[in-house]
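Excluded from the calculations below are hydrogen atoms, water molecules and symmetry mates; all remaining heavy atoms, backbone and side chain alike, are included. Please read these numbers as outputs of a predicted model, since none were measured by experiment.
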Amino acid sequence: MLTAFARAFKTPDLRKKLLFTLGIIVLYRIGTHVPIPGVDYTAVQACIDAQKSNSGLFGLVNMFSGGALLQITIFALGIMPYITASIILQLLTVVIPRLEALKKEGQAGTAKITQYTRYLTVALAILQGTGLVATARSGSLFPNCPQAQQVVPDPSIFTTIVMVITMTAGTALVMWLGELITDRGIGNGMSILMFISIAATFPAALWAIKEQGSLADGWIEFATVIAVGFVMVALVVFVEQAQRRIPVQYAKRMIGRRSYGGTSTYIPLKVNQAGVIPVIFASSLLYIPALIVQFSGSTAGWAAWVTKNLAQPDAPVHITIYFFLIVFFAFFYVAISFNPEEVADNMKKYGGFIPGIRAGRPTAEYLSYVLNRITWPGSLYLGLIALVPTMALAGFGANQNFPFGGTSILIIVGVGLETVKQIESQLQQRNYEGFLR
């Protein structure tokens, strides 16, 4: 591994890309600590210190922003608006024929959809920024802090507009930095920034577990969490790399004196075909009722039930609904992202067939059957991984600071594997040695 790193930095083009990516990452981390105008930074720090855990309603967004949300900085919204916009456009592509036609147009259509995603990202950033300012002003952002009302001391409309514009500009800047990494750096820019945001919260979360521990000054809990983390990373890597390879044979064709085709390949169907999207969908959907109760301030019976059962991550009702939502969204996302009939038609068009299966409709039915079979273990695996923080909370009081679970570990492992593959492929292109050294 160390030799591969040395070779990567010895290659001029690759070294330039790696250094460019590192430079963008440094700029991004600096931006997560620059406060926006209109915020009392002293009150914010006092409330963060008083807060035992950042797992509440804003825990997911705070994790994606690298802790910038609760600090109310210029990158407070992070890449969450872009992620939401991308998911919405991906779902609308299935529903709206115009977007589906753009997707099939190739590079020009993809560029148009990317432009729509940028516009939607800015609109969502304005909406989420306004909600964040209103939440911070009401004191709901830090419910256990006596100084929560002083976080935004100036209630004027002008201050609110300046804060929202600043956060929206920060989101647009994050989006631009991610696209710069994609164009001139290594890996997918948005995925890299997401990776950095989550990894940045790990040291503080691990140290909080050590501070809260009681066995040997917390070192036993600390070592246990590290061990569990290594086991989970190994498990996630194993399942993320697992795939069912469906063999495909292409018929040999004679054109003049030359023969074409006759090759054999395979269709790789991953066990976790949906990735981390079902976990994000389920988390977002479960946050909506609790957010409605928090903003409405209602004390009715339904509001008390929502607060008790849906707003508490360790509540049995929350755990059950969360698990079943993840399983449902795993099947839903696989159904809209992989079309067996389209794959079967393309294979038939180019003379391909699965050995033992007739081309056309029987091939589509076979692909659907296999996809359903492997999506079951993939969805159950996602549900179990996502519930690890809750089990840690119930098990040894690690609170929701437990870092190796759910969305965070899935994103970190997935992005890490894809980035390493890109570096490896570029190394092989530039250091091909042939048969003789």
Side-chain angles (χ1 to χ4, degrees), residues 19-51 54 58-85 118 121-137 139-142 145 147-181 184-185 189-205 207:
L19 291 176
F20 181 82
T21 305
L22 291 174
I24 295 292
I25 289 171
V26 170
L27 285 176
Y28 175 67
R29 289 305 300 159
I30 291 173
T32 57
H33 292 87
V34 178
I36 64 174
V39 174
D40 187 345
Y41 194 64
T42 307
V44 170
Q45 289 303 311
C47 288
I48 290 176
D49 294 338
Q51 196 104 332
N54 57 8
F58 305 98
L60 183 69
V61 185
N62 189 58
M63 180 185 69
F64 280 129
S65 66
L69 175 77
L70 293 182
Q71 295 182 8
I72 319 181
T73 64
I74 59 172
F75 290 166
L77 301 179
I79 54 175
M80 200 62 182
Y82 184 84
I83 295 171
T84 310
R118 291 171 185 157
T121 300
V122 173
L124 289 174
I126 294 172
L127 187 65
Q128 293 179 13
T130 307
L132 177 60
V133 172
T135 306
R137 182 171 293 153
S140 303
L141 192 61
F142 303 102
C145 177
Q147 301 181 31
Q149 300 283 348
Q150 304 170 15
V151 169
V152 184
D154 186 4
S156 66
I157 298 294
F158 178 76
T159 303
T160 303
I161 293 174
V162 169
M163 292 174 70
V164 172
I165 290 175
T166 304
M167 283 190 284
T168 304
T171 300
L173 182 58
V174 169
M175 185 168 55
W176 181 60
L177 292 177
E179 291 180 357
L180 280 179
I181 292 178
R184 303 182 186 178
M190 289 301 171
S191 300
I192 295 289
L193 294 182
M194 197 188 306
F195 176 96
I196 295 301
S197 298
I198 296 171
T201 62
F202 272 31
W207 189 251

(Q) Using 0.5 Å steps for rounding, measure from the CG atom of L124 to the CD1 atom of I83. (A) 11.5 Å

**Q.** T159 (side chain) donor-acceptor with P155 (main chain) under 3.5 angstrom
**A.** no

Q | Set of residues satisfying side chain to side chain donor-acceptor pair (under 3.5 Å) with respect to R184, sequence neighbours excluded | A | none

Q | Minimum heavy-atom distance A199-P203, with the two atoms named | A | O-CD, 3.5 Å

**Q.** All pairs passing salt bridge (charged side-chain N to carboxylate O under 4.0 Å, His left out) where residues 154-179 contributes a residue, at least two apart
**A.** R118-E179

Q | Nearest atoms (heavy-atom pairs only) where G38 meets P153 | A | O-CD, 3.7 Å

Q) Can you name the nearest heavy-atom pair linking I74 to G31, along with the distance? A) CG1-O, 3.3 Å

Q: Would you give the length of the straight line joining atom CZ of R29 to atom CG of L193, rounded to the nearest 0.5 angstrom?
A: 10.5 Å

Sequence neighbours excluded and cut-off under 3.5 Å, please list the side-chain donor-acceptor pairs for residues 161-172, or say none.
residue: T166; atom: OG1; partner: V162; partner atom: O; Å: 2.7
residue: T168; atom: OG1; partner: V164; partner atom: O; Å: 2.8
residue: T171; atom: OG1; partner: M167; partner atom: O; Å: 3.1

Q.
Testing the basics here: between S197 and Y28, what is the closest heavy-atom pair and its distance to 0.1 Å?
A. OG-OH, 2.6 Å

Q: Under the side-chain contact (heavy atoms from CB on, under 4.5 Å) rule, collect the residues that match up with S191, sequence neighbours excluded.
A: N188, V415

Q: Please round to the nearest 0.5 Å and tell me the distance separating atom CD1 of I79 and atom CD1 of I196.
A: 10.5 Å

Q | Gap separating the CG atom of L173 from the CG atom of L27, nearest 0.5 angstrom | A | 8.5 Å

Q.
Rounded to the nearest 0.5 Å, what separates atom CZ in F75 from atom CG in L177?
A. 6.0 Å

Q | Atom pair OG1/CG of T121 and L77 - distance to nearest 0.5 Å | A | 11.5 Å

Q) Is there side-chain contact between L132 and Q128, with at least one heavy-atom pair below 4.5 Å? A) no

Q: Could you pull out the closest heavy-atom pair between L180 and F20, with the gap in Å?
A: O-CE2, 3.6 Å

